[in-house]
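Note that the structure is predicted; figures quoted are calculated from it, not measured.
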Amino acid sequence: MAAGEKIKAKIKKNLPVRGPQAPTIKELMRWYCLNTNTHGCRRIVVSRGRLRRLLWILFTLTAVALIFWQCALLISTFYTVSVSIKVHFQKLDFPAVTICNINPYRYSAVRHLLAELEQETRGSLKTLFGFSEITSRKRREAESWSSAKEGTGSKFLNLIPLLAFDKGETSKARDFRTGRKRKVNGRIIHKASDVVHVYESKDMVGFQLCSNDTSSCAVYTFSSGINAIREWYKLHYMNIMAQVSLEKKINMSYSAEELLVTCFFDGESCDARNFTRFHHPMYGNCYTFNNRQNETVLSTSVGGSEYGLQVILYINEEEYNPFLVSSTGAKVVVHRQDEYPFIEDVGTEIETAMATSIGMHLTESFKLSEPYSQCKEDWSNVLITNIYNAPYSLQICLHSCFQAKMVEKCGCAQFSQPLPQGANYCNYRQHPNWMYCYYELHQAFVWGELGCQSVCKEACSFKEWTLTTSLAQWPSEVSEKWLLSVLTWDQGQIKKKLNKTDLAKLLIFYKDLSHRSIVESPANSIEMLLSNIGGQLGLWMSCSIICIIEIIEVFFIDSLSIVARHQWHKAKEWWARRQASPCPEAPPSPQGQDNLGLNIDDDLPTFTSALCLPPAPAAQVPGTPPPRYNTLRLERAFSRQLTGTETPYPHQRPEPHQQASHGDSRLLAYSYLPGR
């Protein structure tokens, strides 16, 4: 390297470097604080005094923390919705109305199928409560237990034993079939509460269910004997009806002409032809009005009871099953035309000998799907098979999930829900102990252990009719005689005279034509989010988007480049040391053209060092040609040669007159030209 270039490199090395090319992060941060437009950073550098500098550091860090906090709140609340409610007054489509008799099948038609079950049920009731007119309770109980012993061969009690627990006793129970006390094995689950325990304050009745290998059993107890008997009867009833064909069950249930006595809609007459049959496993034949027949939906243009649906239903209490249902009347469900009617879940009961008026208000809801909520628009992202052949809804999803789990765990389908493809309804002939599996699965479903609640979410859009129910006695005493006579004449197929306890009147109408819509819309947008973040930056540090880009450049790009450059230099030094020869290096010999008097050290020249004389030449190094002394001219400023400056020439010796005297040693100047 030339002497001038070495001097320039040394000066450049010692000069302070500013900006992104700073050698250290400390210098980079100092340059940033002096040049940035954000408030606070410059005051940290230029403030005098340690206390003032610490205060500015505290203020700046507090402002930065507040900016991060506010921006985090803005981002976390970005996916929020605003709800708007709109009320419209217009002509409204009338909903679908499904009507079912509470009693699913005529008792005279199914009695032969349930004869043995009815006999054992009556015997169990006599055993538990006693129906004889014997006044002594002890004697009645003794007779009840003795009569139970005679009923040997009771297959229903053998399948599901009925047990009676005495007050405060849980380890032993009296068996209805044998009349004797026996030890109770397995868990005792009280169905009146969610906690697994037994109330000890009163006598209880229950039944025992076991698994297929009878290794695990459970006793389900009830605080009321009525609930225990009905639940026990219902299990056997489903076992029996699961083995009956659908066509036969339709014939045993009520026809539309038998159920519907009169019909009016919007002031016009209607009949059974305006209703569509729908068979429910637990409610028999149900009939739906305005079920999109011929692709048309009826509508109403006026509110009020006179312009809705008015029907008179024939309940026929004499055909009721005494052990399956304990009330008389019908159930009605208001729903969309394409929606499955869940009679057992949301049905409204209609009493006999009463006029039930149901006023409706329509509310339509529209929710935003992901990422705003977890609602479902359809079945596309739901990993459950739809067994109802209907659009997505939360109830359909939950029931489909439970039925799928039932088929998977128990090997058969539950009777009260639609039958999945390739499955059979549970019955004790093909699946003797399915009831234990069903109860265990249902308990896990209620507690959320099956995972159905995590998969099934509410629908994003749905219609809901808010119902207001009012009752009135019907028919009145003054009009009962002629009204029942006319209705009997209208129903020619009915052999007996109608009674008011066999009839129920139903009125369903819009209270007004107000249609309320609840619509969700995004509360924020990208533009609003950026504006809010910019406002926070400007409020706390007077910063803009350009400052953000500058911060990203300095704190990330430039800082990382400094670190990378430092690591690269360290790696190069390590590699150079590794590639160096392990033998000791010989000292470098001066080159033939080097002038030792002009060797430049590492330090920069000063005025004092520039006036220093060059050092005396050392001994001649072999191989180096001697300098040409004819280029050395001595200005005669002294009378004689100074002592110690003589240099012998190889071809001549100095003359005595060339030596300078000691008294004239004021100034000695050389003119030294490079040798050739």
Side-chain angles (χ1 to χ4, degrees), residues 97-110 252-278 280 282-290 304-322 324-334 341 343 347-360 467-509:
V97 180
T98 299
I99 303 172
C100 304
N101 197 325
I102 292 180
N103 184 54
Y105 304 105
R106 297 189 304 273
Y107 190 60
S108 59
V110 299
M252 291 188 299
S253 187
Y254 299 91
S255 63
E257 292 78 9
E258 186 177 3
L259 179 64
L260 303 169
V261 180
T262 62
C263 175
F264 282 91
F265 175 73
D266 203 9
E268 298 182 0
S269 178
C270 55
D271 54 20
R273 291 173 296 181
N274 300 104
F275 290 80
T276 304
R277 187 183 64 202
F278 156 69
H280 192 277
M282 297 302 296
Y283 287 92
N285 291 342
C286 301
Y287 297 92
T288 303
F289 176 77
N290 194 25
S305 59
E306 296 296 327
Y307 298 95
L309 176 64
Q310 302 181 26
V311 292
I312 297 178
L313 306 175
Y314 178 57
I315 302 302
N316 195 6
E317 186 180 4
E318 292 183 356
E319 290 286 349
Y320 268 49
N321 188 325
L324 185 63
V325 293
S326 58
S327 59
T328 59
K331 272 196 171 185
V332 59
V333 177
V334 177
I343 306 295
T348 301
E349 290 192 358
I350 303 172
E351 298 184 27
T352 57
M354 302 291 288
T356 304
S357 299
I358 300 177
M360 299 183 299
L467 307 181
T468 303
T469 304
S470 59
L471 300 175
Q473 185 178 355
W474 180 88
S476 62
E477 294 183 0
V478 295
S479 61
E480 176 182 350
K481 185 176 181 180
W482 74 266
L483 194 147
L484 294 179
S485 299
V486 174
L487 291 177
T488 303
W489 180 81
D490 289 339
Q491 295 295 103
Q493 71 273 18
I494 299 178
K495 305 295 182 180
K496 67 181 185 68
K497 183 179 180 180
L498 295 178
N499 192 348
K500 68 176 183 179
T501 57
D502 294 330
L503 301 175
K505 186 176 182 179
L506 173 64
L507 296 90
I508 301 179
F509 55 92

- Would you name the heavy atoms of Val333 and Gly347 that are closest together and state the gap between them? CG2-CA, 3.6 Å

- Nearest heavy atoms of Tyr287 and Ala256, plus distance in Å: OH-N, 3.0 Å

- Query: At what distance, to the nearest 0.5 angstrom, does CG of Leu503 lie from CG of Leu313?
  - Reply: 9.0 Å

Please set out all donor-acceptor pairs under 3.5 angstrom arising from side-chain atoms of residues 470-481, sequence neighbours excluded.
from	atom 1	to	atom 2	distance (Å)
Ser476	OG	Ser479	OG	2.7

- Item | Nearest heavy-atom neighbours spanning Thr328 and Ile102 | C-CD1, 4.2 Å

- Task: Evaluate whether atom OH of Tyr107 has more than 12 neighbouring non-hydrogen atoms of other residues, nucleotides or ligands under 6.0 angstrom away.
- Result: yes

- Can you name the closest pair of heavy atoms from Leu498 and Leu484 and give their distance? O-CD1, 3.9 Å

- Can you name the closest pair of heavy atoms from Pro104 and Gly284 and give their distance? CB-N, 3.5 Å

- Query: If we ignore angles and hydrogens, is there a donor and acceptor under 3.5 Å between the side chains of Asn101 and Tyr320?
  - Reply: yes

- Query: Do Tyr105 and Asn321 have side chains that get closer than 4.5 Å, going by heavy atoms?
  - Reply: no

- What do the steps show when you test Glu351 against Thr356 for side chain to side chain donor-acceptor pair (under 3.5 Å), and what is the final call? CA-CA 7 Å; Glu351 298 184 27; Thr356 304; over 6 Å; no

- How long is the gap from CG on Leu507 to CD1 on Ile312, to the nearest 0.5 Å? 9.0 Å

- Query: Step by step, would you call Phe509 with Ser357 a side chain to side chain contact (heavy atoms under 4.5 Å, CB included)?
  - Reply: CA-CA 8 Å; Phe509 55 92; Ser357 299; 4.1 Å; yes

- Here the gap from Asn274 atom CG to Phe265 atom CZ, rounded to the nearest 0.5 Å, amounts to 10.0 Å

- Might you work through the side chain to side chain contact (heavy atoms under 4.5 Å, CB included) test for Ile350 and Ile358, ending with a clear yes or no? CA-CA 10 Å; Ile350 303 172; Ile358 300 177; 5.5 Å; no

- For the atom pair OH (Tyr314) and OG1 (Thr352), what is the distance rounded to the nearest 0.5 Å? 12.5 Å

- Item | Option passing side-chain hydrogen bond (donor to acceptor under 3.5 Å, both in side chains) with Tyr254 (candidates Asn285, Asn316, Asn103) | Asn103

- Task: Indicate the atoms forming the closest heavy-atom contact of Met360 with Ile508, along with that distance.
- Result: SD-CG2, 3.6 Å

- Message: Test side chain to side chain contact (heavy atoms under 4.5 Å, CB included) on Glu258 and Glu319; report intermediate values, then the result.
- Response: CA-CA 12 Å; Glu258 186 177 3; Glu319 290 286 349; 5.9 Å; no

- Rounded distance [0.5 Å steps], OG in Ser269 versus CZ in Phe264: 5.0 Å

- Apply the test side chain to side chain contact (heavy atoms under 4.5 Å, CB included) to residues Asp271 and Cys263: give CA-CA distance (whole Å), side-chain angles for both, the deciding distance (0.1 Å), then the verdict. CA-CA 6 Å; Asp271 54 20; Cys263 175; 5.7 Å; no

- How long is the span from the NZ atom in Lys331 to the OG1 atom in Thr98, to the nearest 0.5 Å? 13.0 Å

